[in-house]
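Throughout, protein chains are lettered first and strands after them, A, B, ... in sequence-line order, and every chain is numbered starting at 1. Side chains are part of it too, since the values below use all heavy atoms of this structure and drop only hydrogens, waters and symmetry mates.
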2 protein chains.
Amino acid sequence: MAQITLHDLAKKLNISVSTVSKALKDYPDVSEKTKKKVLALADKLNFSPNIVASNLRTQHTKIIGVIIPNIVHDFFSKVIGGIIDEAEKNGYIVILLQSNENYELEKKQLNLLIQQQVDGILLSLTVETKKFKHIKRIQQQGIPLVMFDKVTDSIDCSKVVIGDKKSAFDAVSFLIRKGNKRIAFFGGSMVALNFNQRFNGYLEALKEYRVPFDDRLVYMCNKNKEYADGYSAAERLIEDHGVNGVDAVFAATDVIAVGIIKYFNDNKINIPKDIAIFGFGNSFMSSIVSPALSTVDQPGYEMGINAVDILLTEISHKNENENISLRNIIIPTSLKIRHST
Amino acid sequence: MAQITLHDLAKKLNISVSTVSKALKDYPDVSEKTKKKVLALADKLNFSPNIVASNLRTQHTKIIGVIIPNIVHDFFSKVIGGIIDEAEKNGYIVILLQSNENYELEKKQLNLLIQQQVDGILLSLTVETKKFKHIKRIQQQGIPLVMFDKVTDSIDCSKVVIGDKKSAFDAVSFLIRKGNKRIAFFGGSMVALNFNQRFNGYLEALKEYRVPFDDRLVYMCNKNKEYADGYSAAERLIEDHGVNGVDAVFAATDVIAVGIIKYFNDNKINIPKDIAIFGFGNSFMSSIVSPALSTVDQPGYEMGINAVDILLTEISHKNENENISLRNIIIPTSLKIRHST
DNA sequence: TTGTATGCGTTATCAC
DNA sequence: GTGATAACGCATACAA
């Protein structure tokens, strides 16, 4: 019932607690005989060391704290999958918190992680986050921090992101080379860094190929109901320009793109003959809509793995008192060309 | 840099550690004046209590451990969302582990959670799990345990599931009342309890409406590549029976259903006129495929909330030494009727 | 090779 | 209203 402790084992074997401890940790300076004795009894009694006590003593927890805006999100759930697998592979476990895109919650949760004495933190910012004092505090405490996906220039730490700008550049370049000139951009809230970057990539591709930029081809879709917004923005697009006034749409997320597809299908606008559509994310749905969506593949699982790897090296460097060099990883993306372009 | 401790505060204020501790916890037997003094200094120095030490002392961690087969799954990610939100609302945090459908990992992870001294465990079984000694061990340790979604009769604990059987019964009944007689069942691996239940619901609906059961209308789709399997099973279905030999398909998951839709669309089989399709899950994609999929709405977020609530009451009952009464919650589902039926 | 003693930072009991 | 002191279970420097 009650947990077995080192003390219990020691008493039963008539040896000292420290010998038991050492035997269990396979220290060289304890005889094979006692080692066997201890191991056997521990096994028999189903002994589980109390990690909390160990943590207090050793001053590290082998826990990494992760804060993300939202778990119910194709991309983020992949990232989390990568994080958890990679952490476990290296003997770490993960405390997962979701900020629900709420700045105050993010702040509170960061404090929580400090209190929990996590060995390191993986953070993806809220859209709302504009102040960074709470994050600087993490760094003042000397807790290794790696930001991923939703990052900011205001904080000096390792970061892992996907190449939003280059990906968008590649996608729009592809559209242009296919002969499209009037290419609309459907973005989400401009606050989020990702969308800014994707928009910049769009602009740069236009510039590269000397396609004039027309700001009336830029449409905004609110986050959190991107699908419906994609749909209604597509409606506005056609109202504003007519089917002939647009060649293609580059959407900043797959969900927006799927909303557009839905509107076009409903209104007998042929994809890609009348208007081509390019998405972003390569989420599962992009392969099953019809026509199947050309999109940017965003390797979430790999992002998770990379973030953990960087964090773990920073943690070990900190433990060795070596100084750490910040890293800025850009996970390469690729274009998945399907039938919508 | 180094963490501030109670000791530090006490020294700076020239009072004892215990008074500081009490002041911080707003004990009644400490004067307002010292309380204020302590709080002010704690605030100024950004004091964060070391929860690990507190945990060791109080013998509880306010952590709940969660093991699921796979996070990258529409339904599970919703459940996790509910779990994390509800846990946090009650002052608990969540350690999340994924077993990747691997029995050995599940075993290892359960032990890990014991060592971490979690206050309670939420578990959803691997498909592989056929032995339950590792789970019984949790109970012997007196750790409250609630199973969700993938549960087993072999363990006596609280459970929260959705009504797989009744949902399937309702869906198939709906199809029959619409005039369909030749209704195929597309299931996943029969090992998983869910599919068994869904198949039973299918059978029972047939019986209820005196529709003869034809085992040649039952097709199996392997898990993990349900989409492709749905597609190829649909192909076999048509080969075996022709379009006229089938009225409708009830698929055990949305992904399978979407695979079927894809095959039918590719082969100009009209949905629902030629063959109707009913899915299971109400995942996001079910609303965006075309035709939009009729499906069973499976409230994952609510399942997460319920599981946490039950677990927390068991934890508090355990702490109060009251005896706990096991609960068996069946989260009600509802039919989402769209255009595929 | 084994044992003794001490401390990690907090909480809680019991004096004062 | 305040403080000294002893745990919680483990790890480790040092002594034996």
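Nucleic acid contact class of B/Thr5 (heavy atoms, under 4.0 Å, all strands): sugar-phosphate only. No engagement by B/Ile51 is indicated, since no non-hydrogen atom pair under 4.0 Å with the nucleic acid exists. At a threshold of 4.0 angstrom between heavy atoms, the contacts of B/Lys25 are confined to the sugar-phosphate backbone, with no base atom among them. Among the protein residues, A/Leu6 comes within range of the sugar-phosphate backbone only, with heavy atoms under 4.0 Å from sugar or phosphate atoms but none that close to a base.
Each of B/Gln117, B/Gln115, B/Arg137 was scored for a side-chain hydrogen bond (donor to acceptor under 3.5 Å, both in side chains) with A/Ser48, with one residue passing: B/Arg137. Screening B/Leu112, B/Val118, B/Asn111 for a side chain to side chain contact (heavy atoms under 4.5 Å, CB included) involving B/Ile114 leaves a single residue, B/Asn111.
Residue A/Gln116 contributes atom CD, which lies 20 Å from atom P of C/dC8 at whole-angstrom precision. If you take CD of B/Gln3 and P of C/dG7, they are 20 Å apart, rounded to a whole angstrom. Regarding A/Leu13, its CG atom lies at a distance of 18 Å from the P atom of C/dT1, rounded to whole Å. The nearest whole Å value for the distance from the CG atom in A/Asn14 to the P atom in C/dT1 is 21 Å. In this structure, B/Ile4 places its CD1 atom 13 Å from C1' of C/dG9, rounding to the nearest Å.
Scanning residues 26-41 of chain B for heavy-atom distances under 4.0 Å to DNA chain C yields B/Tyr27. Residues of residues 55-63 of chain A that place a heavy atom closer than 4.0 Å to DNA chain C, in numerical order, are A/Leu56, A/Arg57, A/Gln59.
Note on residues 75-87 of chain A: pairs passing side chain to side chain donor-acceptor pair (under 3.5 Å), not counting sequence neighbours, are A/Asp85-A/Tyr301, A/Asp85-B/Gln98, A/Asp85-B/Asn100. Counting only residues at least two apart or on different chains, no salt bridge (Lys or Arg N to Asp or Glu O under 4.0 Å) pair has a member in residues 36-58 of chain A.
Nearest approach of A/Thr126 to A/Ser99, heavy atoms of both residues: OG1-OG, 3.4 Å. Nearest heavy-atom pair across B/Leu145 and B/Ile138 is CB-CG2, 4.3 Å. Smallest separation of non-hydrogen atoms from A/Ile71 and A/Leu96: CD1-CD2, 3.8 Å.
Along DNA chain D, the stretch of nucleotides lying under 4.0 Å from any heavy atom of chain B spans, 5' to 3', D/dG1 to D/dG9.
For C/dG3, its base sits under 3.5 Å from the side chain of A/Ser18 at one donor and acceptor pair at least.
At C/dG3, one or more side-chain N or O atoms of A/Ser16 fall inside 4.0 Å of OP1 or OP2 (strictly under the cut-off).
Interatomic distance, B/Ile84 CD1 to B/Ile64 CD1, rounded to the nearest 0.5 Å: 9.5 Å. Atom CZ of B/Phe148 is separated from atom CD1 of B/Ile310 by 12.0 Å, given to the nearest 0.5 angstrom. The structure places CG of B/Asp149 at 4.5 Å from CZ of B/Phe76, a figure rounded to the nearest 0.5 Å.
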Per-pair distances, 0.1 Å, donor-acceptor, side chain in residues 20-28 of chain B, under 3.5 Å, sequence neighbours excluded:
unit_1, atom_1, unit_2, atom_2, d
B/Asp26, OD1, B/Lys35, NZ, 3.1

